[in-house]
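Working notes, structure below.
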Amino acid sequence: MILHTLLDYDTLRLIWWLLLGVLLIGFAVTGGFDLGTGMLLPFVGRTDLERRIVINAVGPVWEGNQVWLILGGGAIFAAWPPLYAVSFSGFYLAMFAILFALILRPVGFKYRSKNESARWRSGWDWALFIGGFVPSLIFGVAIGNVLLGVPFRLTDDLRIFYDGTFFGLLTPFPILCGLVSVAMLAMHGASWLVLKTTGPVRERARAFGSIAALLTAVLFALGGVVLWYLVDGYRIVSTIDPTGVSNPLRKTVEVAGRAWFDNYAAQPLTWIAPVLGVGGALLAFVLMRARREGATMLASSLSVLSIILTVGFATFPFLLPSSADPRASLTVWDASSSHLTLFIMLVVTLIFMPIILAYTTWVYRVLWGKVDRSSIEDGGHAY
């Protein structure tokens, strides 16, 4: 209870904002490369054996990578209930599309090689492509809509009403963000394949990854230019109590051009994130062409991490801005669970997060090494 007293409500809210970022980055860096691998599967693998090599490059670890996505959803549900309510109801069809695509992946992994038919296997290969492409695109589209603001409102008794539609999410700027996400994760998946495979598969992955790395840098920079000139941001213009009750309607928010750059103006060091987002992708391109496999994966991971941090730095303290009623926008300071709930969750996280990290590290260490023809032909447990 002493620790509970020492950790103020505003401190716990900030800690959980940081932890949410850690979980999202954890999923993007680990789950991101297996989504990217799925997208590249029909293109880097020309024969059945080559495609099996691609699948087995992520087969042993992809399930563990989904832990970060599950933890992220659980954290949103428990730490930020209004955020969970708005996003999982307003984005219901988008979430359903992601869920459907993610369900295709385990089915594809398990059933693809159960039948010798070339048509059967090709069908599952494209299902795995969908399982990688659709979530990658929709996650980016969702980020774009967060930056634009989501059309929801709150009544005086804090009931939530969502006024948007599924196709209303597919406007030009969110689609651009979706393309950034697709290019970024394709680069990341290619970096993994370059690291884990040999022969023609590795060379094709290097070629596609080089293109994806350049596209990531160009599209991310373009997104920043569009955000600067064409997209209005949100800023709080009234006082807000970081230790107050969770009631988003107790503040005033204005919508203004370039408001998403306020934090960068106030804290110039945060510019490191977008610079590394572009620089990491360009470095991944250079290292990929130089055949520096391990360094390429690190550069790609740096780019993924930095791109996510760029959005986090820009939007803080907003979690989900409202375009229908800006004062209803959800922020770190007025959309969280209670002080006690956040504290109990933090204690649980401090116990189990090291276990998850230790187990994940052990799994990658045990399963390290190249996937090649011999590991497929001689391995009785290969997909």
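What you see below is based on every heavy atom in this structure, not just the backbone, and it leaves out hydrogens, waters and symmetry mates.
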Inset, instruction - Indicate yes or no for a side-chain donor-acceptor contact from S306 to the backbone of S303 under 3.5 Å, with no hydrogens or angles considered. - result: no
Solution key, residues 122-138 side-chain donor-acceptor pairs under 3.5 Å, sequence neighbours excluded:
| unit_1 | atom_1 | unit_2 | atom_2 | d |
| --- | --- | --- | --- | --- |
| D125 | OD1 | R112 | NE | 2.5 |
| D125 | OD2 | R51 | NH1 | 2.9 |
| D125 | OD2 | R112 | NH2 | 3.3 |
| S136 | OG | G132 | O | 2.7 |

Inset, instruction - Determine which pairs satisfy ring pair (Phe, Tyr, Trp, His ring centres under 6.0 Å) with at least one residue from residues 51-89, sequence neighbours left out, and list them in order. - result: W62-F109, F77-Y84, Y84-F88
Legend entry - Between CG on residue L330 and CG on residue L83, distance to nearest 0.5 Å: 6.5 Å
Legend entry - Sequence neighbours excluded, every pair satisfying side chain to side chain donor-acceptor pair (under 3.5 Å) that has a member inside residues 273-292: E203-R291, S210-R289
Inset, instruction - Test Y364 against every option in T361, T360, L367 by the side chain to side chain contact (heavy atoms under 4.5 Å, CB included) rule and name the one that passes. - result: T360
Legend entry - Intermediate values then yes/no, salt bridge (Lys or Arg N to Asp or Glu O under 4.0 Å), E293 and R202: CA-CA 10 Å; E293 300 170 359; R202 180 177 58 186; 3.1 Å; yes
Legend entry - Residue pairs, two or more places apart or on separate chains, that pass salt bridge (Lys or Arg N to Asp or Glu O under 4.0 Å) and touch residues 74-90: none
Inset, instruction - Using the side chain to side chain donor-acceptor pair (under 3.5 Å) rule, collect all pairs that involve residues 243-256, keeping only residues at least two apart or in two chains. - result: R13-S246, R235-E254, D241-T243, K251-D334
Inset, instruction - Could you pull out all residues at least two apart from R153 that satisfy side-chain contact (heavy atoms from CB on, under 4.5 Å)? - result: F161, D163, D325
Legend entry - Qualifying side chain to side chain donor-acceptor pair (under 3.5 Å) pairs, either residue in residues 181-190, two or more places apart: H188-S300
Legend entry - salt bridge (Lys or Arg N to Asp or Glu O under 4.0 Å) against R373, all qualifying residues, sequence neighbours excluded: E377
Legend entry - Distance, nearest 0.5 Å, that separates CG of L176 from CG of L227: 10.0 Å
Legend entry - Which residues share a ring-ring contact (aromatic ring centres under 6.0 Å, His included) with F173, sequence neighbours left out: none
Inset, instruction - Output every pair passing ring pair (Phe, Tyr, Trp, His ring centres under 6.0 Å) with a member in residues 256-286, not counting sequence neighbours, ordered by first then second residue. - result: W228-F261, Y234-W260, W260-F318, Y264-W271
Legend entry - Partner set under side-chain contact (heavy atoms from CB on, under 4.5 Å) for T47, not counting sequence neighbours: L49, E50
Inset, instruction - State whether a side-chain donor-acceptor pair under 3.5 Å links N115 with S117. - result: no
Legend entry - Same apolar cluster: L320 and L158, side chain cutoff 4.5 Å: yes
Legend entry - Co-membership, hydrophobic cluster, residues V226 and I175, 4.5 Å side-chain: yes
Inset, instruction - Look at the side-chain heavy atoms of Ile, Leu, Val, Met, Phe, Trp and Tyr, link any pair under 4.5 Å apart, and say whether V245 and L249 land in one connected group. - result: no
Legend entry - ring-ring contact (aromatic ring centres under 6.0 Å, His included) involving W16 - partner list, sequence neighbours excluded: none
Legend entry - Distance (rounded to the nearest 0.5 Å) between L147 CG and C177 SG: 6.0 Å
Inset, instruction - Can you measure from OG (S301) to CD1 (I25) and round to the nearest 0.5 angstrom? - result: 11.5 Å
Legend entry - Heavy-atom pair of closest approach, residues A28 and V304: CB-CG1, 3.6 Å
Inset, instruction - Determine, using the 4.5 Å side-chain heavy-atom cutoff (strictly less than), whether M353 and V347 are members of one ILVMFWY cluster. - result: yes
